[in-house]
Amino acid sequence: MKTKVFSTLFLLFCACLQMHADDYKILQMNTNSVKIGNTVRHQGETFSDNDQIFWSNDNQAIKAMNLRTKQTRMFAAKSFKSSNARSVKDYYLKSNRLSTRAAMPTFSDLEEELSDTIYLYDDVSIESPVTLDPLSSFVISYGKEVKKWRTLMSTDDHFFLCRELFENEDEIDVFNVSLYFRNKNVDEDFLVTDQLVVVLLPLIIEE
């Protein structure tokens, strides 16, 4: 019975989403333009999350700001195609990235979100499940033969997966990453996920 009620509520929620559209402003892209809806868009222009994005290159990426929430998101052609998504709204629904929580995320939420592939065009800001201070941080490790450890930059409520952490790595553009939470009062780091894959996208695609 509970499952049926939840399914009904979810369908009603999705129907409400289809009726409501958000506009996004393009902040950056790694091509000169991209066709969205019936128009070729450029940096600084806006589009609706209902508009279909016609990707011309698998490495194409757009950094855009939701004009209602002021949140910035990065959209990549590869992640859209892997989700079989046509528009931003479609992508959020099909990839299960549309969060309905109002409270601070849990470590389980973080594990679910980051046990996935992140296509990194620009730095990614991630909400922390705990308040961060000088004693606590998130760290990553990667590398096959020699493990490299990096402490992630953070504020009190977010940490950042920065592109510069993975650049200059002998032309490698795919990284298998483990994410840990570290507290200096505890001897052992807490593993959040070892299933994160980071793929560097080119900053500029020659057309």
Side-chain angles (χ1 to χ4, degrees), residues 27-30 55 57-64 71-83 85 91-92 94-99 101 103-206:
L27 302 178
Q28 285 180 283
M29 61 173 71
N30 58 1
W55 303 103
N57 188 300
D58 282 349
N59 287 321
Q60 204 166 9
I62 298 171
K63 182 179 180 180
Q71 291 182 325
T72 300
R73 293 287 183 265
M74 202 282 293
F75 305 117
K78 288 181 179 177
S79 56
F80 269 58
K81 290 182 179 181
S82 65
S83 302
Y91 169 68
Y92 278 142
K94 290 184 176 178
S95 65
N96 295 319
R97 290 181 182 272
L98 189 60
S99 173
R101 65 173 183 261
M104 181 181 287
T106 65
F107 276 101
S108 295
D109 292 331
L110 196 61
E111 178 186 10
E112 182 179 359
E113 179 181 353
L114 296 181
S115 296
D116 200 352
T117 299
I118 290 182
Y119 296 96
L120 203 58
Y121 168 61
D122 194 14
D123 300 345
V124 173
S125 173
I126 303 165
E127 188 175 4
S128 173
V130 295
T131 300
L132 299 172
D133 55 37
L135 295 178
S136 58
S137 60
F138 284 92
V139 297
I140 58 171
S141 68
Y142 60 88
K144 293 182 179 179
E145 297 181 2
V146 179
K147 283 286 184 184
K148 295 186 178 181
W149 292 82
R150 301 286 187 265
T151 300
L152 303 183
M153 294 176 57
S154 64
T155 61
D156 60 349
D157 57 0
H158 283 75
F159 61 96
F160 302 92
L161 202 58
C162 296
R163 182 185 177 91
E164 65 181 15
L165 295 172
F166 303 98
E167 293 180 324
N168 303 317
E169 292 289 346
D170 299 323
E171 299 184 354
I172 299 173
D173 57 9
V174 179
F175 301 84
N176 295 307
V177 178
S178 296
L179 174 71
Y180 299 84
F181 175 70
R182 175 174 293 172
N183 188 304
K184 293 182 180 179
N185 292 323
V186 181
D187 292 335
E188 189 173 349
D189 294 337
F190 172 73
L191 176 64
V192 178
T193 180
D194 58 3
Q195 301 297 312
L196 173 59
V197 178
V198 174
V199 180
L200 286 188
L201 295 177
L203 291 174
I204 299 176
I205 298 175
E206 298 294 337

Quiz prompt | Heavy-atom closest contact (Leu191 atom, Ser178 atom, distance) | solution = CD1-CB, 4.3 Å

Quiz item: Roughly how far, to the nearest 0.5 Å, is CG of Leu114 from CG of Leu196?
Solution: 6.0 Å

Self-check item: Leu161/Ile118 under side-chain contact (heavy atoms from CB on, under 4.5 Å): CA gap, chis, key distance, verdict
Solution: CA-CA 10 Å; Leu161 202 58; Ile118 290 182; 3.9 Å; yes

Quiz item: Would you say Lys148 and Ser141 make side-chain contact, with heavy atoms under 4.5 Å?
Solution: no

Quiz item: Does any non-hydrogen side-chain atom of Pro105 lie less than 4.5 Å from one of Leu110?
Solution: no

Self-check item: Gln60 side, atom CD; Lys81 side, atom NZ - distance, nearest 0.5 Å
Solution: 8.5 Å

Self-check item: Any donor-acceptor N/O pair, Asn30 side chain to Pro202 backbone, under 3.5 Å
Solution: yes

Exercise. Indicate the atoms forming the closest heavy-atom contact of Phe166 with Ile140, along with that distance.
Key: CZ-CD1, 3.7 Å

Quiz item: Around atom NZ of Lys184, are there more than 12 heavy atoms of other residues, nucleotides or ligands at under 6.0 Å?
Solution: no

Quiz item: If you take all heavy atoms of Asn185 and Asn183, which pair is closest and at what distance?
Solution: N-OD1, 2.8 Å

Quiz prompt | Interatomic distance, Ile126 atom CD1 to Phe159 atom CZ [nearest 0.5 angstrom] | solution = 4.0 Å

Practice problem: Indicate the atoms forming the closest heavy-atom contact of Ala85 with Lys94, along with that distance. | Solution: CA-CD, 4.3 Å

Quiz item: Can you list the steps and then say if Thr72 with Leu27 is a side-chain contact (heavy atoms from CB on, under 4.5 Å)?
Solution: CA-CA 9 Å; Thr72 300; Leu27 302 178; 4.0 Å; yes

Exercise. May I ask you to decide whether Lys78 forms a salt bridge with Asp58, counting only side-chain N to carboxylate O separations under 4.0 Å?
Key: no

Quiz prompt | Nearest heavy-atom neighbours spanning Pro129 and Thr106 | solution = CB-C, 3.8 Å

Quiz item: Got a second to check how far Tyr180's OH is from Phe138's CZ, nearest 0.5 Å?
Solution: 13.5 Å

Self-check item: Value rounded to 0.5 Å, distance of CG in Leu120 from CZ in Phe175
Solution: 9.5 Å

Exercise. Inspect the contact between Lys63 and Asp122 and indicate whether a charged nitrogen and a carboxylate oxygen are less than 4.0 angstrom apart.
Key: yes

Exercise. With rounding to the nearest 0.5 Å, note down the distance linking CD in Glu113 to CD in Glu127.
Key: 9.0 Å

Exercise. Determine yes or no for a side-chain-to-main-chain donor-acceptor pair under 3.5 angstrom, with Arg163 supplying the side chain and Leu201 the backbone.
Key: yes

Quiz item: Going by atom types alone, do Ser115 and Thr193 pair a side-chain donor with an acceptor below 3.5 Å?
Solution: yes

Quiz item: Is a donor on one side and an acceptor on the other found under 3.5 Å between the side chain of Arg182 and the backbone of Val139?
Solution: no

Self-check item: Ser128 side chain to Val130 backbone, donor-acceptor under 3.5 Å
Solution: yes

Exercise. Give a yes or no on whether the ring-centroid distance for Tyr142 and Trp149 is below 6.0 angstrom.
Key: no

Quiz item: Hey, does the side chain of Tyr121 reach the backbone of Ile62 with a donor-acceptor pair shorter than 3.5 angstrom?
Solution: no

Self-check item: Side chains of Phe160 and Leu152 in contact at under 4.5 Å (non-hydrogen atoms)
Solution: no

Quiz item: Does CG in Leu135 sit with more than 12 non-hydrogen atoms of other residues, nucleotides or ligands closer than 6.0 Å?
Solution: yes

Practice problem: Over 60° means perpendicular and under 30° means parallel, so classify the ring planes of Phe190 and Phe107, tilted if in between. | Solution: perpendicular

Practice problem: Determine, step by step, whether Thr117 and Val198 satisfy the side-chain contact (heavy atoms from CB on, under 4.5 Å) criterion, reporting the C-alpha distance in whole Å, the side-chain angles of both residues, the deciding distance to 0.1 Å, and the verdict. | Solution: CA-CA 6 Å; Thr117 299; Val198 174; over 6 Å; no

Quiz item: Under the side chain to side chain donor-acceptor pair (under 3.5 Å) test, which residues partner Asn176, sequence neighbours left out?
Solution: none

Quiz item: Does Ser83 reach the main-chain N or O of Ser79 with its side chain, forming a donor-acceptor pair under 3.5 Å?
Solution: yes

